[in-house]
Every structure is written in structure tokens, then in C-alpha cells.
Amino acid sequence: MSKVATRFAPSPTGPLHIGGVRTALFNWLYSKNQNGNFFLRIEDTDKERSKEEYRKQIINSLEWIGINFDGEEYVQSKKIDDHIKVAHELLKKGNAYKCYCSSEEIEEQKKRAKQKKIPYIYDRKWREKKETDAPKDIKPVIRFKSKIDGTSILKDLVQGDVEIENNTIEDFVILRNDGTPTYNLSAAVDDHQMNMSHIIRGDDHKINTFKQIQIYQAMEWEIPSFAHIPLIHTIDGKKLSKRDKASTLDDYSKIGIMPDALRNYLLRLGWSYKDKEIFTIEESIKYFNLEGIGKSPSKLDMSRILSMNEHYIKNMNENDLFDQLIEYCNKFKKEIKTDKEDKIRKSLSFLKNKAKTLEDIFINGQYIIADEVIFNQDDIKLIDERAKKVINDFKVQFEKIDQPSREILEPVINGLIKSNNTNFKGVGQPLRIVLTGSKFGPGIYDIILSLGKKEVQKRLDTKIA
RNA sequence: GGUCCCUUCGUCUAUCGGUUAGGACACAUGGUUUUCAUCCAUGAAAGAGGGGUUCGAUUCCCCUAGGGACCGCCA
């Protein structure tokens with residue numbers, strides 16, 4: 001058997017959405033699992049809608065989530081001549097013919113079919129007509145001569161055997177009247193030339209597959225294996241599209257979802273391996289297979305994405321988390337000053353406990369990151385005379401401490417609890433508010449130690465309410 | 001409308017004829033805790049409906065219902 005080769009073939013007509021990312025992921029994983037290669041093919045033959053910025057965005061997205069392709073990026077538009085050559089070859093071999101119907105004529109037929117509520121299918125008018133009957137003023141398209149009799153069976157690696165009557169597949173256009181190839185031709189030729197062994201793509205391509213297989217057969221090419229994976233649906237059960245919000249990778253990265261978490265989520269969306277939920281990249285390559293792909297479409301679930309991200313935040317290496325956090329803040333929030341970096345790094349161990357996203361860490365860490373304490377107006381109201389006295393008492397004691405540590409602070413706090421005749425909350429809450437601006441936050445010792453002596457003193461001087 | 005596909009807790013899923021139908025997320029309750037969280041424990045929660053086949057069906061077959069995809073000289 002020849003070496004496994006898969007590809008991801010997006011068209012750069014919009015931002016890549018996570019359905020596409022999952023398709024890319026499955027192709028990539030399958031090839032890596034089989035020790036094969038994974039290629040990227042940019043299908044940019046729609047000159048009107050293809051945009052360079054989208055091409056870049058697609059490549060960046062794949063890189064962000066950790067999918068790397070082998071070899072050179074394959075650009076479909078550069079291969080158009082090959083596609084046209086095949087069209088003419090099919091014509092010569094009698095597997096295709098020129099159709100002189102005007103687009104108006106076709107439109108008219110479609111409209112009529114719609115009115116009568118019967119399915120439209122091109123009537124194969126020019127299939128057997130003689131070229132000499134051709135009208136002079138019309139540039140023909142080239143149509144593929146599809147099978148009319150019998151049925152075809154697609155042995156799909158995910159869906160099983162799919163049988164279809166050949167006459168439901170029309171004589172599709174392979175070359176437009178401007179001489180350019182259409183999708184089914186280009187895709188078939190490219191996949192053949194790229195030596196694809198497995199075509200893994202969305203369910204929505206299933207009918208195309210029947211068309212493309214006929215091209216392979218006519219050209220006597222080896223037919224690759226196909227696997228049509230179920231689509232990802234939105235919460236209301238419709239195919240995910242680029243227009244849906246929260247559908248592109250950027251939508252997730254900007255709220256602080258990390259690539260590994262999203263990768264893991266996408267992997268488990270429509271694929272499973274026993275009861276295993278968490279997969280490192282290495283594990284996903286090791287365990288990925290086509291048998292594990294389910295047949296039914298699955299819905300996107302934000303709370304699941306969040307909890308996956310939370311899992312990664314809590315379990316990943318803290319240095320890596322720090323790096324990702326800084327990168328995230330610099331890109332989407334504000335640049336973290338170098339003098340704050342160290343404080344943040346030290347505080348990660350407790351800041352991450354309250355976070356589902358990098359954004360959460362950023363927000364929870366505001367009391368460190370921001371130069372000025374931002375006070376929650378409601379919480380300030382909790383600072384009454386008693387609280388002020390506690391704060392003041394603490395200030396006096398704190399000034400005597402050279403090197404704050406938990407061991408030194410603990411007796412101080414306990415002493416204040418006693419002398420003020422209160423409980424821990426009576427001391428902790430006012431201090432937390434004056435130091436961070438909010439009654440919610442990390443433990444009081446964590447706050448003090450993360451800020452450092454100088455900063456704590458500065459904040460204790462703050463006049464509130 | 002035609003063709004094709006799908007159907008297990010709210011969601012993602014396990015089960016490859018015999019299980020108290022399992023796990024994860026979310027949810028609820030309780031515990032730990034200096035707040036919010038984290039963490040731990042517990043709980044509620046599913047085989048669309050109807051026929052077969054079988055000693056036995058969530059699992060195999062058929063029908064119905066519901067959902068989805070495709071039906072471009074887009075990709």
C-alpha cells in the first residue's frame with residue numbers, strides 16, 4: 001500500500017472557522033498516526049472572493065493550534081492549466097461534451113422546475129447532439145458525461161456504504177464558458193496529482209465525491225479512500241458557517257482560550273477513544289483513528305470549551321502558562337510592564353485557581369497589573385470605622401516587618417483579630433479591599449506577598465471613603 | 001420537492017446481543033476554606049415511537065416521526 005497522504009483544502013474566501021479547523025485536525029492526525037504526510041492546498045480559484053488576508057489567516061490559524069503541513073503549500077490557481085488539460089482529455093476520450101445552453105436557458109429551466117416543485121437536473125440536451133448544431137454566438141461549457149444507469153456505492157470510511165442512483169447525478173460542468181475549471185474537476189485533478197491516499201472532509205462534500213470518483217474512473221486513476229465526517233452544528237442545530245459568531249479561532253483566542261485546550265476540545269467533538277477526555281498532542285496522534293469518528297453531527301458547547309481550557313490552565317506547566325498569558329495580554333489586552341512580570345509569575349499559582357481563561361487571569365490579576373487600585377464602589381461601602389481601625393492597626397504593625405512572609409504575617413493578623421475582637425473576615429476583608437479594590441480575590445497572604453512590602457505600604461496609605 | 005445521512009442523560013460521548021446503560025461538561029446538594037474560587041463527596045439526568053428477528057435487544061432489520069446536508073458556469 002502506498003504511503004498515507006491527506007490534505008486540508010480550504011478556500012480563502014473567509015476566515016477559517018472551527019469546523020474547518022477540526023477537519024484539518026482530523027486529516028493531520030490521521031496522516032501522523034499512519035506515518036504519512038499532511039498537505040495544505042489553498043483552493044483560490046474563485047478570484048472574486050479569494051483574498052490574500054484570508055489565506056494568511058488560515059495558515060496562521062493552523063499554526064496557532066499546532067497543525068503543521070508537510071512540504072510546500074499547494075496553490076490551486078497555479079495548477080489551472082493541468083485541470084484544463086484534463087478537461088480536454090476527457091472531451092477527447094468521450095467522457096465529456098460541450099454544452100451550448102446559455103446560462104439564461106439554464107436559469108429558466110431551474111425556475112420552472114422550482115415552480116413545479118420537481119427537482120432540477122440538467123436535461124443532458126447536448127450530450128448526444130452534434131457539434132454542427134451548435135449555435136455560433138454561444139461559448140460552450142464542458143460537461144462531464146455522468147453515468148446514467150445503475151447505482152454507485154461509496155465505501156466511506158466513516159459512513160459505511162453509501163449507495164446512490166447514478167441518474168440523480170447530473171452532467172456537471174467541468175469547464176466554464178470562460179475556459180476555467182470548476183471545483184469538482186480541479187479537486188479531483190489536484191488530489192490525484194498530489195497522490196492523496198485518503199480524503200477526509202465534511203459531510204457536505206458527499207455528492208461531490210460521487211462526481212469526483214467518476215472523473216477518476218474516466219481518467220483511469222487510482223481512487224483514494226474517502227471519509228466524510230459529520231458537520232459541526234451551532235446550538236440551534238444548523239451547519240456552522242463563517243458568519244456565525246464565535247466560530248473563528250480568533251473569537252476564542254481573544255477571550256483567552258489556549259490552542260491546546262481548543263485542540264483537545266475539537267478532537268473530542270465527534271471523535272472518542274474509550275472514556276479518555278484529555279489528550280496531549282502525542283497521545284492524540286497515537287490514538288487517532290477513523291473508527292472513532294461518530295456518524296451524527298455534534299453541537300458546539302461553550303461551557304465545555306471553557307472547562308477544557310480551565311483544565312489546561314490548572315494542569316499545565318506554570319512557565320508555559322506564564323508565556324501564554326504574557327503573549328495573550330500583549331496581543332489582546334495591554335502590554336504587561338516588565339516590572340510587573342515577576343509579580344505575576346509568582347502569583348500564577350493562586351491566580352489560576354479562579355480562572356477559566358487567560359482573560360480571567362488578566363482580570364483577577366488586575367490588582368497587580370494596574371498601577372492604580374480600581375475600587376469597587378459597593379465594596380468600599382464595607383469599609384466602616386471599625387474596618388479603618390483594622391487597616392490602620394495593620395499598617396502600624398506592617399511597617400515593622402522587613403521581609404514579609406506568611407510565617408511572620410500570620411501572628412500579626414491573628415493578633416489583630418484578637419485586639420479588634422473580631423474574626424478573620426473582620427481583618428481579611430478590609431485589607432483585601434484596600435489592597436485590591438475588591439472584596440473578592442486571592443487569600444490575604446497571597447495578596448500581600450505578591451504585591452511586596454513597598455506596594456502594600458503605598459496602598460495602605462490610600463484614603464478610601 | 002428530490003437524493004443522501006443522522007437519532008443514548010441538557011451537551012460531548014462509552015456500549016461492538018446479556019451492563020444496576022458507564023464517563024466527562026453543565027446542573028443540584030453537602031463538606032473543606034479568611035471572601036470569591038479551587039478541591040472533595042453525593043445526587044438528579046438518556047436509548048424518538050411502532051413493528052419484527054432472537055431465549056434475550058440501546059445494539060440487527062423494516063416503518064413512522066424528528067433533525068441535518070446537498071441539489072451553482074462557489075469551493
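Here is how names work: the chains are called A, B, and so on, in the same order as the sequence lines, proteins then strands, and each is numbered from 1.
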Please determine, for the side chain of [X], which listed nucleotide ([options]) has the closest atom?
{"X": "A:Tyr445", "options": "B:C5, B:G22, B:U34", "value": "B:U34"}
{"X": "A:Lys299", "options": "B:C12, B:U38, B:A75", "value": "B:C12"}
{"X": "A:Gln159", "options": "B:A75, B:C25, B:C5", "value": "B:C5"}
{"X": "A:Asp301", "options": "B:U11, B:A75, B:C6", "value": "B:U11"}
{"X": "A:Ser296", "options": "B:U7, B:A14, B:C73", "value": "B:U7"}
{"X": "A:Phe424", "options": "B:U3, B:A14, B:U34", "value": "B:U34"}
{"X": "A:Val162", "options": "B:A69, B:C4, B:U7", "value": "B:C4"}
{"X": "A:Ser272", "options": "B:G68, B:A69, B:A14", "value": "B:A14"}
{"X": "A:Lys206", "options": "B:C4, B:G68, B:C73", "value": "B:C4"}

Need one value for [X]: base, sugar-phosphate or nothing, where a base atom within 4.0 Å counts as base even if backbone is also close, heavy atoms only.
{"X": "A:Gly294", "result": "nothing"}
{"X": "A:Lys110", "result": "sugar-phosphate"}
{"X": "A:Glu165", "result": "nothing"}
{"X": "A:Val173", "result": "sugar-phosphate"}
{"X": "A:Ser307", "result": "sugar-phosphate"}
{"X": "A:Asp44", "result": "nothing"}
{"X": "A:Leu231", "result": "sugar-phosphate"}
{"X": "A:Phe350", "result": "nothing"}
{"X": "A:Gln76", "result": "sugar-phosphate"}
{"X": "A:Thr45", "result": "sugar-phosphate"}
{"X": "A:Gly441", "result": "base"}
{"X": "A:Asp204", "result": "sugar-phosphate"}
{"X": "A:Pro442", "result": "base"}

- A:Asp301: side chain to side chain donor-acceptor pair (under 3.5 Å) partners, not counting sequence neighbours: A:Ser303
- Query: Using the benzene-type ring in the case of Trp, are the ring centres of A:Phe288 and A:Trp271 under 6.0 Å apart?
  - Reply: yes
Using the [atom1] atom as the point on both nucleotides, what is the distance between [M] and [N], in whole Å?
{"N": "B:C9", "M": "B:U54", "atom1": "P", "value": "30 Å"}
{"N": "B:U58", "M": "B:A24", "atom1": "P", "value": "25 Å"}
{"N": "B:C61", "M": "B:U53", "atom1": "C1'", "value": "7 Å"}

- Closer to the 5' end of RNA chain B via nearest nucleotide, is it A:Arg406 or A:Pro10? A:Arg406
- Query: Of A:Lys356 and A:Leu175, whose closest RNA chain B nucleotide lies nearer the 5' terminus?
  - Reply: A:Lys356
For [N], the Watson-Crick or wobble partner whose two distances fall under 3.5 Å:
{"N": "B:A48", "value": "B:U64"}
{"N": "B:A28", "value": "B:U42"}
{"N": "B:U19", "value": "none"}
{"N": "B:C70", "value": "B:G2"}

When the distance from [atom1] of [X] to [atom2] of [N] is rounded to whole Å, what number comes out?
{"X": "A:Lys274", "N": "B:G22", "atom1": "NZ", "atom2": "C1'", "value": "14 Å"}
{"X": "A:Lys295", "N": "B:U13", "atom1": "NZ", "atom2": "P", "value": "14 Å"}
{"X": "A:Asp156", "N": "B:C6", "atom1": "CG", "atom2": "P", "value": "10 Å"}
{"X": "A:Leu300", "N": "B:G68", "atom1": "CG", "atom2": "P", "value": "17 Å"}
{"X": "A:Asp360", "N": "B:U38", "atom1": "CG", "atom2": "C1'", "value": "13 Å"}

- Please assess A:Val373 against A:Gln366 for the test side-chain contact (heavy atoms from CB on, under 4.5 Å), listing each intermediate value before the final yes or no. CA-CA 8 Å; A:Val373 179; A:Gln366 267 312 303; over 6 Å; no
- For residues A:Tyr54 and A:Ser11, is any side-chain donor paired with an opposing acceptor at under 3.5 Å? no
- Task: With the side chain counted from C-beta on, respond yes when A:Thr13 and A:Lys242 share a heavy-atom pair under 4.5 Å apart, and no when they do not.
- Result: yes
- Check whether the side chain of A:Arg268 and the base of B:U13 form a donor-acceptor pair under 3.5 Å. no
- Within 45° of the six-membered ring axis of A:Phe322 and under 6.0 Å from that ring's centre, is NZ or CZ of A:Arg345 located there? yes
- Row check, A:Tyr122 ring normal vs A:Arg143 NZ/CZ: under 6.0 Å, within 45°: yes
- Query: Is there a stack between A:His205 and B:A75, judged by ring centres under 5.5 Å and planes under 30°?
  - Reply: yes
- Message: Looking at B:C70, I'd like to know if its phosphate oxygens (OP1 or OP2) sit under 4.0 Å from a side-chain N or O belonging to A:Lys239.
- Response: yes
- Between A:Phe279 and A:Tyr287, what is the ring plane arrangement, given parallel below 30°, perpendicular above 60°, and tilted in between? perpendicular
